[in-house]
Every structure is written in structure tokens, then in C-alpha cells.
Protein chains: 2
Amino acid sequence: MKENPSGCSVEESMRILGGRWRLPLVSCLLDGPKRFNDLRRDVPGISQRMLTLDLRALEDAGLIRRTVYPGSPVKVEYALSEDGERLRPVVEVVKTFGLWLKARDGKL
Amino acid sequence: MKENPSGCSVEESMRILGGRWRLPLVSCLLDGPKRFNDLRRDVPGISQRMLTLDLRALEDAGLIRRTVYPGSPVKVEYALSEDGERLRPVVEVVKTFGLWLKARDGKL
DNA sequence: CTGGATCCATAGCGATACTG
DNA sequence: CAGTATCGCTATGGATCCAG
């Protein structure tokens with residue numbers, strides 16, 4: 001009973017948060033809602049394709065809300081859902097680790 | 001230049017923690033040092049190949065220490081390094097999120 | 001027991017061009 | 001502005017066999 005369902009939970013998370021852009025994307029959205037091209041700018045290096053796919057995936061997971069404001073041209077806004085807000089601590093701690101990593105390896 | 005270095009740190013982290021098994025592996029090692037076949041057992045589903053590769057990668061990143069105790073048969077022990085201990089909060093928070101995720105999707 | 005070597009399948013991702 | 005569609009490469013990971 002002391003066995004490892006813990007690792008499984010981590011796997012569950014990684015199925016959604018894995019990949020190169022998911023977490024950086026969420027990280028950007030923690031600042032507040034953004035539009036498609038805002039994200040393209042704020043997540044440097046992401047391709048338009050991956051942006052679309054990962055936004056889709058996160059939306060399907062219920063972590064992101066997509067709102068369309070009609071008009072010409074249309075305006076589409078992406079925001080973290082209430083559930084997605086649960087990712088804040090995740091992003092924070094991963095970011096912290098990344099910063100520490102960079103500092104460590106920078107000093108070697 | 002004022003732009004998102006936060007996201008970059010997240011990317012740095014994911015370069016090391018990405019992949020399907022890295023974090024589950026670290027999660028297992030949080031309990032204490034383990035041997036190769038212990039890990040094979042405790043990280044259900046991992047192939048021997050990936051276990052080798054990921055242990056290697058984490059070792060190269062300085063997050064894991066590998067100790068060989070000579071004898072016949074040899075005994076090899078893997079443990080988190082001091083640096084690797086920095087992953088504890090990461091694993092914890094990811095695990096928490098995973099558990100919550102499973103609960104949420106289980107209840108839908 | 002602790003791996004290394006090989007082969008192979010798939011998933012992830014990038015680049016580019018096109019569209020309402 | 002906010003996407004879709006297509007192509008192809010590479011990385012990731014599984015299966016199997018071999019070895020000290």
C-alpha cells in the first residue's frame with residue numbers, strides 16, 4: 001500500500017504538461033488572458049502550428065478557456081480556466097528550478 | 001529584452017525533466033537510494049532501455065549519483081544528489097496536480 | 001544483477017504554404 | 001487576425017537479444 005501510485009500521478013501530469021511548449025504557454029497565461037498573436041510573441045520560438053495544437057490540447061484538458069469576440073477581424077482570447085489556475089504552483093516551482101539550473105550551469 | 005525569461009527557465013527545466021519517465025524516476029528516488037531492478041519494479045511500465053538512458057541523463061545532469069559496490073553479482077545504487085534534492089518540491093507539486101487531475105476526471 | 005547493442009515504430013516538432 | 005493543411009525530420013520509446 002505504500003507502493004507507487006505516486007509515480008502514476010506524475011505520469012498523468014506529464015501526459016498533459018509534457019512536450020516543449022505546454023508549460024511555457026501556461027506560464028505566459030498566468031499573467032492574464034492573451035490573444036493568439038500575443039502568445040506567439042510572448043512564447044519565443046514557438047511555431048504557429050504548435051501554438052494551435054498545444055492550445056487545443058490544453059483547452060480539451062479543461063485548463064484553458066477560449067473566447068471568440070466576433071468582428072472584423074475576429075478577436076480570440078485565451079485564458080486559464082479555474083482548473084488551469086491550479087497550474088500556477090506547478091509553473092512557479094518549475095520556473096524556480098529552471099532558474100537555479102541556469103545559475104548552476106552558468107557558474108561551472 | 002524585458003520579455004519573458006520566465007518561460008525560458010521553464011523550458012530549461014523541461015529539457016531535463018521532459019520525457020515520460022524522468023520525473024516518475026526521480027519521484028521514486030525521493031524515498032531513498034535504490035538499485036536498478038528496484039527501479040524497474042517501482043516504476044511500472046518502464047523498459048530496461050529507458051531506465052538506463054534516463055538514469056544516465058539524470059546522472060549527467062548532476063541530479064543523480066551512481067554508486068557501484070563490487071562483488072558478484074555487482075550491486076549498483078542510484079540516489080538523488082544534493083542537487084537532485086532540489087527536485088523534491090517539483091515532484092511534490094506535480095504529483096499533487098496529477099492526483100487532483102485524476103480525481104477530477106474520475107468524477108466527471 | 002546490471003546493463004549494452006540493435007532494430008523498428010511512433011510522436012513531437014519545425015517549415016512552409018494557404019484560407020476565411 | 002487566427003488559424004488549417006501538408007511534408008518530412010528527429011527524438012523518444014518499446015522489443016529483443018547479448019554480455020560481463
Side-chain angles (χ1 to χ4, degrees), chain A residues 7-8 10-29 32-61 63-80, chain B residues 7-8 10-29 32-61 63-80:
Chain A
C8 295
V10 176
E11 277 197 64
E12 291 292 324
S13 296
M14 294 313 279
R15 276 226 303 270
I16 292 191
L17 305 179
R20 185 171 172 186
W21 301 109
R22 302 268 172 97
L23 233 46
L25 215 47
V26 172
S27 175
C28 263
L29 287 175
K34 297 197 178 174
R35 301 173 58 180
F36 192 83
N37 283 305
D38 293 337
L39 290 168
R40 254 173 57 156
R41 176 174 34 78
D42 293 344
V43 184
I46 194 171
S47 70
Q48 179 201 43
R49 169 191 149 86
M50 289 316 295
L51 184 51
T52 302
L53 289 179
D54 283 341
L55 283 173
R56 246 285 184 249
L58 290 168
E59 193 194 350
D60 290 348
L63 302 172
I64 276 185
R65 217 175 315 111
R66 178 176 180 273
T67 314
V68 182
Y69 300 95
S72 199
V74 259
K75 175 181 166 185
V76 180
E77 204 174 68
Y78 294 92
L80 288 180
Chain B
C8 294
V10 176
E11 276 198 65
E12 292 290 326
S13 297
M14 294 312 279
R15 276 226 299 274
I16 292 191
L17 305 179
R20 184 172 172 186
W21 302 108
R22 301 271 172 94
L23 231 47
L25 216 46
V26 172
S27 175
C28 264
L29 288 174
K34 297 197 179 175
R35 301 175 57 183
F36 192 81
N37 283 305
D38 293 338
L39 290 168
R40 254 173 58 158
R41 176 173 36 79
D42 292 344
V43 184
I46 194 171
S47 70
Q48 172 238 34
R49 170 190 148 87
M50 290 315 295
L51 183 52
T52 302
L53 289 179
D54 283 342
L55 283 172
R56 240 305 179 231
L58 290 168
E59 193 194 348
D60 290 348
L63 302 172
I64 275 185
R65 216 176 315 112
R66 179 176 181 270
T67 315
V68 182
Y69 300 95
S72 198
V74 261
K75 175 181 165 185
V76 181
E77 205 174 68
Y78 295 90
L80 287 180

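The shown structure was predicted, so the numbers you read here are calculated from the model rather than taken from an experiment.
- In this structure, Leu25(B) atom CG and dG13(D) atom P are separated by 12 Å, rounded to whole Å.
- Note that Lys34(B) lies outside the cation-pi zone of Tyr78(B), set by a 6.0 Å cut-off to the ring centre and a 45° limit from the axis.
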Inset, instruction - Mind running side-chain contact (heavy atoms from CB on, under 4.5 Å) on Ile46(B) and Trp21(B) for me, showing each step along the way? - result: CA-CA 7 Å; Ile46(B) 194 171; Trp21(B) 302 108; 3.7 Å; yes

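- For the pair Leu29(B) and Leu58(B), the minimum side-chain heavy-atom distance is 4.5 Å or more.
- Comparing atom distances between the Gln48(A) side chain and each of dT4(D), dG3(C), dC1(C) picks out dT4(D) as nearest.
- Side-chain proximity of Thr52(A) to the nucleotides dA2(D), dT2(C), dG3(D) is greatest for dG3(D).
- Ranking dG14(C), dG14(D), dC1(D) by closeness to the Ser47(B) side chain, first place goes to dG14(D).
- Using a 4.0 Å cut-off, some side-chain N or O of Tyr78(A) falls inside it from OP1 or OP2 of dG3(D).
- In this structure, of dT2(C), dC1(D), dG13(D), it is dC1(D) that holds the atom nearest to the side chain of Pro73(A).
- Contact annotation: Arg66(B) reaches the phosphate of dG3(C) (side-chain N/O to OP1 or OP2, under 4.0 Å).
- For Glu77(A) against dA2(D), a side-chain-to-base donor-acceptor contact under 3.5 Å is absent.
- Taking atom CD1 of Ile46(B) as the reference point, atom P of dG13(D) lies 9 Å away to the nearest angstrom.
- Counting only heavy atoms from C-beta on, Arg20(A) has its side chain closest to dG14(C) among dG14(C), dG14(D), dT2(C).
- Here the nucleotide nearest the side chain of Trp21(A), chosen from dC13(C), dT2(C), dG14(D), is dC13(C).
- Mapping Leu55(A) and Arg49(A) onto DNA chain D by nearest heavy atom places Leu55(A) closer to the 5' end of the strand.
- A pairwise comparison of heavy atoms in Asp54(A) and Arg22(A) identifies OD1-NE, 2.8 Å as the closest pair.
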